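For clarity, every value in this text was computed on a predicted model and none was experimentally measured.
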Amino acid sequence: MTQTMPVSIRWAQIDVEPGPLLIAASPSGLCYVGSPGASYEELERGLKRAFPGGVALDNDEDAMAQYAAQVFAYLKGEQGEFTLSLDLMGTPFQRKVWQALLDIPYGQTSSYSEIAQRIGRPDAVRAVGTAIGANPVLIGIPCHRVIGKNGALTGYRGGLEMKRHLLELERRVPSNGEIR
């Protein structure tokens with residue numbers, strides 16, 4: 001049996017509006033952006049799920065500066081998409097869903113059923129929702145751009161107020177603006 005080495009993960013807390021975010025990157029790219037105010041324990045749990053061979057965490061603001069700069073630029077409305085590498089660990093289905101999220105243009109939204117159609121699995125709307133909920137890189141993978149079929153704001157790990165904030169930032173709050 002082969003013993004795998006823990007993946008070296010650098011992380012930092014960045015203070016942004018609507019609240020502090022924990023971000024982390026592996027040597028391959030950004031692998032985690034947490035919810036506002038999320039704990040270090042949530043970061044640890046998320047990374048251990050993503051990297052089952054183990055992780056070695058190092059708080060390193062300097063190493064994370066380029067990622068932090070992109071989060072800041074996005075939240076200021078200065079940058080619509082992330083240009084740095086992402087390191088996404090998930091099932092093939094999750095990765096397919098996350099890629100579909102990356103394909104939603106800045107300032108636009110899509111429904112869960114539209115994502116299911118886009119990935120060729122029209123009957124997998126609930127599974128699409130579950131994959132979206134497992135997104136480890138909030139903002140970087142724009143799951144906030146996914147809304148209910150009726151235009152309602154639904155489910156978001158960062159909280160519905162953050163989802164509304166991000167959509168308003170992109171100036172695309174659904175016309176009914178209803179939160180469910």
Side-chain angles (χ1 to χ4, degrees), residues 7-12 14 16 21-36 38 42-53 55 64 66-75 79-149 151-160 162-167 169-170 172 174:
V7 176
S8 176
I9 304 286
R10 298 185 191 275
W11 69 276
I14 57 174
V16 296
L21 297 176
L22 296 177
I23 61 174
S26 74
S28 299
L30 187 66
C31 61
Y32 181 86
V33 175
S35 306
E42 182 181 307
L43 166 80
E44 240 179 352
R45 278 192 308 273
L47 292 173
K48 286 179 180 177
R49 273 192 307 272
F51 298 95
V55 295
M64 295 304 298
Q66 63 184 337
Y67 298 104
Q70 288 210 354
V71 173
F72 284 125
Y74 171 81
L75 291 172
Q79 178 174 335
E81 306 296 333
F82 286 72
T83 58
L84 295 171
S85 297
L86 298 175
D87 185 7
L88 304 176
M89 298 299 204
T91 67
F93 181 80
Q94 287 172 327
R95 292 172 61 85
K96 197 173 205 180
V97 170
W98 298 337
Q99 182 57 56
L101 300 180
L102 289 166
D103 294 338
I104 302 170
Y106 181 87
Q108 294 185 23
T109 59
S110 188
S111 70
Y112 295 91
S113 58
E114 289 169 338
I115 298 295
Q117 289 281 343
R118 197 170 298 141
I119 66 167
R121 299 281 306 273
D123 296 332
V125 176
R126 286 186 182 208
V128 165
T130 300
I132 290 170
N135 171 14
V137 185
L138 293 184
I139 305 170
I141 300 174
C143 55
H144 60 276
R145 295 180 189 155
V146 181
I147 59 174
K149 192 177 200 175
L153 302 184
T154 59
Y156 186 65
R157 181 168 49 101
L160 292 179
M162 182 176 178
K163 184 172 189 165
R164 178 188 297 282
H165 173 80
L166 296 174
L167 290 172
L169 175 71
E170 295 184 13
R172 293 294 300 184

Q. What closest approach, in Å, do Tyr32 and Leu43 show between heavy atoms, and which atom pair accounts for it?
A. CD2-CD1, 3.2 Å
Q) What are the two closest heavy atoms between Arg164 and Leu153, and how far apart are they? A) CB-CD1, 3.9 Å
(Q) Take a 6.0 Å sphere around CZ of Arg118 and say whether it holds more than 12 heavy atoms from other residues, nucleotides or ligands. (A) yes
Q. Is any side-chain heavy atom of Phe82 less than 4.5 Å from a side-chain heavy atom of Val71?
A. yes
(Q) Is any side-chain heavy atom of Glu44 closer than 4.5 Å to one of Trp11? (A) no
Q: Kindly indicate whether the side chain of Arg95, heavy atoms from C-beta on, has any atom under 4.5 Å from the side chain of Gln99.
A: no
Q | Nearest heavy-atom neighbours spanning Leu102 and Pro142 | A | CD2-CD, 3.9 Å
Q | Close side-chain approach of Val146 and Ile104, heavy atoms under 4.5 Å | A | yes
(Q) Using every non-hydrogen atom in the two residues, find where Ala116 and Val125 come nearest and quote the distance to one decimal. (A) CB-CG2, 4.0 Å
Q. Is the backbone of Thr154 close enough, under 3.5 Å, to the side chain of Lys163 for a donor and an acceptor to pair up by distance?
A. yes
**Q.** Leu88 side chain reached by Cys31 side chain, heavy atoms, under 4.5 Å
**A.** no
Q: Return the minimal non-hydrogen interatomic distance between Tyr112 and Gly155, and the atom names on each side.
A: OH-O, 3.7 Å
**Q.** Residues which pass side chain to side chain contact (heavy atoms under 4.5 Å, CB included) with Ser28, listed by chain and number, not counting sequence neighbours
**A.** Ser26, Asp87
**Q.** Interatomic distance, Ile141 atom CD1 to Asn135 atom CG [nearest 0.5 angstrom]
**A.** 4.0 Å
Q.
Are Leu138 and Tyr156 packed together at the side-chain level, in the sense that at least one heavy-atom pair is separated by less than 4.5 angstrom?
A. yes
Q | Donor-acceptor pair, side chain of Trp98 and main chain of Ala134, under 3.5 angstrom | A | no
Q: To the nearest 0.5 Å, tell me how far Leu101 CG sits from Gln94 CD.
A: 11.5 Å
Q.
Ignoring hydrogens, what is the shortest heavy-atom contact between Ala100 and Ile119? Give both atom names and the distance.
A. CB-CG2, 3.9 Å
Q: Ignoring hydrogens and angles, tell me if any N or O in the side chain of Ser111 forms a donor-acceptor pair with the backbone of Glu114 under 3.5 Å.
A: yes
Q | Salt-bridge criterion met for Glu81 and Arg145 (N-O under 4.0 Å) | A | yes
Q. So how far is it from Leu22 CG to Ile14 CD1, rounded to the nearest 0.5 Å?
A. 9.0 Å
Q. If you measure from CG on Asp123 to CD on Gln117, what distance do you get to the nearest 0.5 Å?
A. 8.5 Å
Q: Indicate yes or no: at least one non-hydrogen side-chain atom of Gln70 is less than 4.5 angstrom from one of Ile139.
A: no
Q. Heavy-atom distance under 4.5 Å between the side chains of Leu30 and Leu84, does that happen here?
A. no
Q. Just by distance, with hydrogens left out, do Glu170 and Tyr74 show a side-chain donor and acceptor under 3.5 Å apart?
A. yes
